Amino acid sequence: MSNEKRKLLVTSALPYANGPIHLGHLVEYLQTEIWCRFQRLMGNTCVYVCADDAHGTPIMLRARQEGLEPQELIDEVWKNHTRDFSDFLIEFDSYYTTHSPENRKFAESIYQELKKNGHISKKTIRQAYDEEAEMFLPDRFIKGTCPICRAEDQYGDACESCGTTYTPSDLIDPVSVVSGKAPAERDSEHHFFKLADFEEMLKEWTRGDKMQPEIGNKLQEWFDAGLKDWDISRDAPYWGFEIPGAQGKFFYVWMDAPIGYMASYQKYCEKQGLNFDEAWKKDSEWELYHFIGKDIAYFHTLFWPAMLAGSGYRTPTAVFAHGFLTVGGQKMSKSRGTFIKARTWLDHLNPEFLRYYFTAKLGPGVDDINLNLEDFVFRVNSDLVGKFVNIASRCAGFLRKKFDNTLSNELDNPALYEEFLEEGKKIAACYENREFSRAMRTIMGLADKANQYIDEEKPWVLVKDEATQDKAHWVCSQGINLFRVLITYLKPVLPDTARRSEEFLKIAPLQWDSVLTPLKGHEINVFEPLMNRVDDSQVEAMVEASRENTR
RNA sequence: CGCGGGGUGGAGCAGUCUGGUAGCUCGUUGGGCUCAUAACCCAAAGGUCGGGGGUUCGAAUCCCCCCCCCGCAACCA
């Protein structure tokens with residue numbers, strides 16, 4: 001890694017503004033923001049932006065159903081989302097909404113730029129129409145019986161039972177989800193983005209280090225099938241931005257959603273007095289990273305870079321996809337109490353414990369990660385309390401009782417300290433490459449070493465004999481210094497514990513390089529427990545609450 | 001049906017690219033310590049690496065077939 005300080009703009013995918021944040025969402029926000037915290041700890045400039053994805057048919061219908069204006073619904077959801085994130089110690093530099101004046105401006109200008117450059121076409125298509133609700137119906141808003149396997153209650157685009165794909169008109173007894181009536185069909189003129197104009201650029205782009213190879217492999221399918229025009233318009237009634245010069249036509253939610261990254265950053269720039277173009281112009285020196293779920297890879301790796309390229313902006317440096325969350329090895333389920341909302345977790349359990357648990361399981365790939373609640377309890381208690389905090393806990397008592405809470409002027413074992421620093425280089429590389437689980441394993445290996453060291457030196461014996469008092473002082477001071485190194489390595493994951501550890505140690509906020517110099521002859525505060533163990537009953541209460549509040 | 005990813009002791013994972021007697025943590029069992037939040041240290045038991053076939057002196061690792069799980073399939077987002 002070079003000493004040159006980097007400038008990074010990082011995003012997480014926009015959560016949809018029709019429901020609360022749940023544990024599945026948090027995999028992504030935690031992965032992203034821990035990566036950002038690491039970058040800042042290294043001294044890099046790292047701006048983390050996100051927003052609510054506030055447009056589309058489901059939000060329009062949901063608002064209608066609840067007797068609200070869409071604006072009222074998305075305002076309410078925005079408040080809940082930001083509170084949940086904040087309580088999970090997820091700090092955005094900007095958390096905005098796609099229903100903003102900035103986003104309208106960018107969506108319109110990008111559209112017009114694409115149009116000017118000949119990348120927009122118009123075509124009339126035939127589409128399902130609900131005559132009672134007076135609206136066109138997306139495939140997902142039509143249900144019926146699968147024509148192949150006869151499974152009932154299937155969506156209009158594919159059968160979940162047999163996996164067949166078809167169009168809504170193939171369904172047996174199709175009905176509109178909105179009105180319950182059989183849908184009719186109508187013609188409508190739509191605006192399309194000519195994705196194929198960017199085939200060469202995208203083929204080039206999807207190779208190399210822009211994304212994980214497994215995502216690149218998947219994208220090959222799109223090229224093999226031939227890139228088609230992408231329908232970016234929707235007919236009124238639609239909750240979104242009206243297309244300039246096309247009355248009754250609105251931008252499809254997936255057109256303006258990624259543009260929301262730009263709008264959110266624009267908002268940040270206004271607040272901070274920064275120059276937006278510096279990060280977004282073609283050939284910008286800023287690095288731009290998108291963290292996303294594996295389900296939306298093609299939006300971010302095909303449509304989005306093509307839109308950017310076609311309208312004169314820079315393209316992303318890389319797109320990082322992660323897997324999904326399972327609970328107990330299965331998809332989250334409301335009836336099993338495993339559909340866990342962020343708020344429900346916060347009502348019962350420490351957010352840092354989830355931060356640690358996810359981090360301990362996240363790798364650089366797209367594999368799903370599994371939350372096993374039994375494993376969770378053992379894991380956080382053993383790693384965080386038993387191994388890590390224990391190091392400070394077992395040394396602090398001697399320092400307080402015998403040595404005026406002041407660290408010795410010498411380390412007992414400089415070689416061991418040096419070894420911790422050496423491992424830090426590997427840990428930093430793991431964070432950088434999103435090999436979080438490997439980083440945590442390495443850190444806990446060091447915690448084991450620290451405990452073994454204290455066990456071998458036996459300060460509780462040394463302290464009893466006048467002749468070995470100094471040695472006891474050095475050993476305990478060494479222990480506290482090793483603890484200080486470890487909390488530095490854990491700081492991206494456990495920001496609150498890090499803050500309290502800094503108070504305990506009476507030191508300024510730690511940076512990654514702070515630990516190059518050990519603390520010597522330094523007074524510390526009286527040790528207070530930094531974390532409390534989780535109890536099974538808390539987890540049970542949380543699961544029970546999840547069952548109840550989803551009924 | 002197609003495409004991509006995955007299946008490793010009871011649990012959670014590493015190892016697979018670059019074949020060479022299966023490794024880590026938790027849990028369990030036995031011992032030790034008593035400074036520490038019943039924390040910590042030492043040791044042991046426990047796996048035919050989803051199934052079958054093949055290549056090889058040798059396969060978790062390479063090839064083929066099958067089963068199961070997750071995702072995608074351009075109008076849910």
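Remember, predicted model here, so these are calculated numbers, not experimental data. Letters A, B, ... mirror the listed sequences (proteins, then strands); counts begin at 1.
Side-chain polar atoms of Arg438(A) and Asn433(A) form no donor-acceptor pair below 3.5 angstrom. Residues Tyr96(A) and Asn103(A) have side chains that never bring a donor and an acceptor to within less than 3.5 angstrom of each other.
One finds a side-chain N or O of Lys331(A) lying less than 4.0 angstrom from the OP1 or OP2 phosphate oxygen of G71(B). Distances shown here put every side-chain N or O of Arg400(A) at or beyond 4.0 Å from the OP1 or OP2 atom of A36(B). When the side-chain nitrogen and oxygen atoms of Tyr298(A) are compared with OP1 and OP2 of A73(B), one or more of them lie within a distance under 4.0 Å. The shortest distance between the side-chain N/O atoms of Gln330(A) and the OP1/OP2 oxygens of C70(B) is not below 4.0 Å. When the side-chain nitrogen and oxygen atoms of Asn451(A) are compared with OP1 and OP2 of A36(B), none of them lie within a distance under 4.0 Å.
The C1' atoms of G4(B) and U48(B) are separated by 30 Å, rounded to the nearest whole Å. Annotation: G9(B) and A60(B) have their P atoms spaced 14 Å apart (nearest Å). Taking atom C1' on both nucleotides, C70(B) is separated from G32(B) by 46 Å, rounded to a whole Å. Across G7(B) and C76(B), the matching C1' atoms stand 30 Å from one another, rounded to whole Å. The same atom, C1', is picked in C72(B) and in C66(B); the two are 23 Å apart, to the nearest Å. Comparing the P positions of U61(B) and U8(B) gives a spacing of 14 Å, expressed to the nearest Å. Rounded to the nearest Å, the gap between the P atom of G10(B) and that of G6(B) is 23 Å.
For Trp254(A) against A77(B), a side-chain N or O and a base N or O form a donor-acceptor pair under 3.5 Å. Taking only distance into account, the side chain of Gln127(A) meets the base of C75(B) through a donor-acceptor pair shorter than 3.5 Å. Judged by distance alone, with hydrogens and angles left aside, Lys218(A) brings a side-chain donor or acceptor within reach of the base of C3(B), the pair sitting under 3.5 Å.
Position along RNA chain B of the nearest nucleotide to Pro459(A) versus Trp222(A) favours Pro459(A) as the more 5'-ward residue. Residue-to-nucleotide proximity on RNA chain B shows that, of His55(A) and Lys449(A), the 5′-proximal contact is made by Lys449(A).
Rounded to whole angstrom, the span from the CG atom of Asn370(A) across to the P atom of G5(B) amounts to 21 Å.
Counting non-hydrogen atoms under 4.0 angstrom, Gly397(A) reaches nothing in the nucleic acid. Residue contacts shown for Asp157(A) are limited to sugar-phosphate atoms, with no base heavy atom under 4.0 Å away.
Centre separation under 5.5 Å together with a plane angle under 30° does not hold for the ring of Phe378(A) and the six-membered base ring of C26(B), so they are not marked as stacked.
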Asp52(A) vs Tyr16(A), side-chain hydrogen bond (donor to acceptor under 3.5 Å, both in side chains): CA-CA, chis, key distance, verdict: CA-CA 6 Å; Asp52(A) 268 359; Tyr16(A) 200 55; over 6 Å; no
